[in-house]
Amino acid sequence: MTTAFTQLGLRPQLAQTVAELGYVAPTPIQSAVIPIMLTGQDVIGQAQTGTGKTAAFSLPILQNLDPTRARVQAIVVTPTRELARQVAQAMHRYGAAQQVRVLPIYGGQPYARQLRRLSQGVDIVVGTPGRLLDLIHQQALDLSRITTLVLDEADEMLSMGFIEDIEAIFEVTPATRQTALFSATLPKPIRQLAERYMNRPQSFGMARSHLAVEAIEQRHYLVNQRDKLAALTRLFEIEPITRALVFARTRAGAGALANELTRRGFPAEALHGDMGQQSRERVLRRFRENRITVLVATDVAARGLDIDDISHVFNYDLPQDPEVYVHRIGRTGRAGKTGVAITLLTPKEQWRLRRIEGMMKTRIARVPLPTEEDIRQHREAQLLAEVAVWLRRGRAKRERELVEALLAEGHDLMDIAAVTLKMARKEEKRRPIAAIAPTPDEQPAAWPTGHARRALEKGWKGS
Ligand code: AMP
């Protein structure tokens with residue numbers, strides 16, 4: 001069997017496994033990293049989640065495993081428990097045919113189980129720095145003979161303060177090991193780490209302007225700060241959202257926004273930095289299982305969040321740093337799908353958006369907000385589409401009898417149908433469309449103030 005994956009040097013069995021998972025062709029980072037890692041060289045990959053980096057380092061590790069050895073052969077260090085778990089799951093899947101033994105290790109889990117698994121024999125360990133070090137110090141985890149060490153999302157580990165832990169982990173591994181480092185950005189401390197611990201690494205970076213943004217439709221809406229919630233609500237009505245991630249600046253902001261959205265009929269939960277691990281995992285599970293469609297998160301809380309199939313990323317607040325913007329929107333448009341990234345921008349922040357556009361060398365188009373009339377029309381179109389589906393299904397025998405009874409009472413068929421539709425729309429009443437004031441550049445030159453303005457604003461609320 002010849003596939004693009006075998007051409008990278010992968011064994012047919014691994015190529016077959018990924019083919020069964022539906023991977024038709026390697027992603028750019030896989031094409032670059034797999035051949036390098038198969039030869040045992042060090043590699044630095046500048047890549048975000050969603051680029052296929054997990055498979056890029058996992059497949060060569062699996063191929064290079066020595067089935068006759070009983071010790072840990074490779075270790076992957078990740079910033080968060082979730083990522084550790086996800087990487088371990090992915091490796092387990094990729095290595096199913098060779099019955100690979102992968103152990104995720106992170107804090108919050110009982111030690112006993114981890115110790116038992118370690119003593120039974122493990123090929124690959126995936127874990128967070130703190131707990132890995134704990135087990136190393138307890139001499140339960142011996143990394144002195146590993147062949148490969150991977151740092152995943154190194155910049156996240158840096159910003160979470162794990163650099164010293166990582167150095168300590170490096171120190172207990174053999175100097176002959178292969179090291180692979182993945183990071184969305186390469187700030188100086190990460191480059192220094194690479195210089196100190198890596199052996200003439202091959203670098204693979206995606207040009208910033210290519211950071212998967214082709215798959216992402218980026219738009220912005222200009223809106224006054226106080227109308228942001230109303231604007232977001234309108235967009236939620238119109239956009240074909242399957243899963244949305246909304247970024248808010250503060251923890252409190254995230255919580256309040258999630259509540260407001262829920263109240264408006266869009267079930268949302270907040271994910272913020274000082275949540276306990278259990279509640280965090282519960283929220284993420286609900287999101288993953290599609291029991292909630294909307295997650296409102298701060299940047300800190302969204303670290304290590306690795307969920308595919310996010311159809312929309314909303315910047316409720318524009319981040320200060322252009323790189324954070326790129327990082328945020330990279331949560332959508334992943335794994336060959338397209339995504340939408342929407343930014344709510346206040347007039348004062350326009351220059352900041354320009355900076356982001358400059359850095360990314362793309363335009364982030366300004367689009368007018370849906371008007372109240374747009375929303376009404378959209379609601380009606382949806383209602384009619386739903387009716388059409390039920391008409392096609394045609395299974396309304398009992399209801400036809402009810403209609404006949406109403407006709408027998410002398411009602412008009414047209415009236416019955418219209419009233420029934422009205423009843424079907426009753427819950428719309430619970431979702432009033434809030435008015436949105438124009439931004440300064442949309443306002444007429446002599447903008448009325450005080451009473452006249454309030455009267456005008458009332459007028460916009462429409463019927
Ligand atoms: P990652 O960047 O490792 O988090 O991967 C993002 C997603 O892309 C995961 O759901 C992978 O299963 C998927 N994926 C990885 N490689 C490929 C590929 N070559 N073709 C299609 N999907 C892939």
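If you read the sequence from its start, that first residue is 1, and numbering goes on from there.
- Rounded to the nearest 0.5 Å, atoms CG (D134) and CD1 (I105) are 10.0 Å apart.
- Between I436 and L369 the shortest side-chain heavy-atom distance falls below 4.5 Å.
- Salt bridge status for R264 with E237: absent, with no side-chain N to carboxylate O gap under 4.0 Å.
- For T262 and N259, the side-chain atoms include no donor-acceptor pair closer than 3.5 Å.
- E357 and Y325 share no side-chain donor-acceptor pair at under 3.5 Å.
- Among all heavy-atom pairs drawn from V126 and A84, the shortest one is CG1-O, 3.5 Å.
- Residue R291 qualifies as enclosed at atom CZ: its count of foreign heavy atoms under 6.0 Å is above 12.
- In this structure, R366 fails the cation-pi test against Y221, since its NZ or CZ atom is not both closer than 6.0 Å to the six-membered ring centre and inside 45 degrees of the ring normal.
- If you look at F314 and F247, their ring centroids are not closer than 6.0 Å.
- Here CG of N64 is found 8.5 Å from CD1 of I61. Values are rounded to the nearest 0.5 Å.
- When only modelled atom types and interatomic distance are considered, T179 and R177 share a side-chain donor-acceptor pair under 3.5 Å.
- For R431 and E427, the salt-bridge test passes: some basic side-chain N is under 4.0 Å from an acidic carboxylate O.
- Counting all heavy atoms, side chain and backbone alike, V33 lies closest to A56 at CG1-O, 3.7 Å.
- Scanning both residues, M157 and T78, for their nearest heavy atoms gives SD-C, 3.7 Å.
- The side chain to side chain contact (heavy atoms under 4.5 Å, CB included) test with L62 is passed by exactly one of T17, I124, L10, V102: I124.
- Classified by interplanar angle (parallel below 30°, tilted 30° to 60°, perpendicular above 60°), the ring pair Y23/Y94 is perpendicular.
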Residue pair E239, R219: steps toward the salt bridge (charged side-chain N to carboxylate O under 4.0 Å, His left out) verdict: CA-CA 12 Å; E239 290 291 324; R219 292 182 239 141; 2.8 Å; yes
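- Between R81 and E281 there is no salt bridge, since none of the side-chain N atoms of the basic residue sits less than 4.0 Å from a carboxylate O of the acidic one.
- Going from atom OG1 of T80 over to atom CZ of F162 covers 9.0 Å, rounded to the nearest 0.5 Å.
- To the nearest 0.5 Å, atoms CE (M91) and OG1 (T54) are separated by 9.0 Å.
- In plain terms, the two heavy atoms of T27 and G52 that are nearest each other are OG1-CA, 4.2 Å.
- The aromatic rings of F266 and F236 sit perpendicular to each other, their planes meeting at more than 60°, with 30° as the lower class boundary.
- Between the side chains of D155 and T185, at least one donor N or O lies within less than 3.5 Å of an accepting N or O.
- In terms of heavy atoms, Q30 sits closest to A55 at NE2-CB, 3.3 Å.
- With Q178 as the fixed residue, the side-chain hydrogen bond (donor to acceptor under 3.5 Å, both in side chains) test singles out one of T148, T39, N199: T148.
- Closest non-hydrogen pair, T332 versus I310, comes out as OG1-O, 2.6 Å.
- Checking Q86 against E82 by side-chain atom types alone, no donor-acceptor pair falls below 3.5 Å.
- A side-chain N or O of R131 and one of Q114 form a donor-acceptor pair less than 3.5 Å apart.
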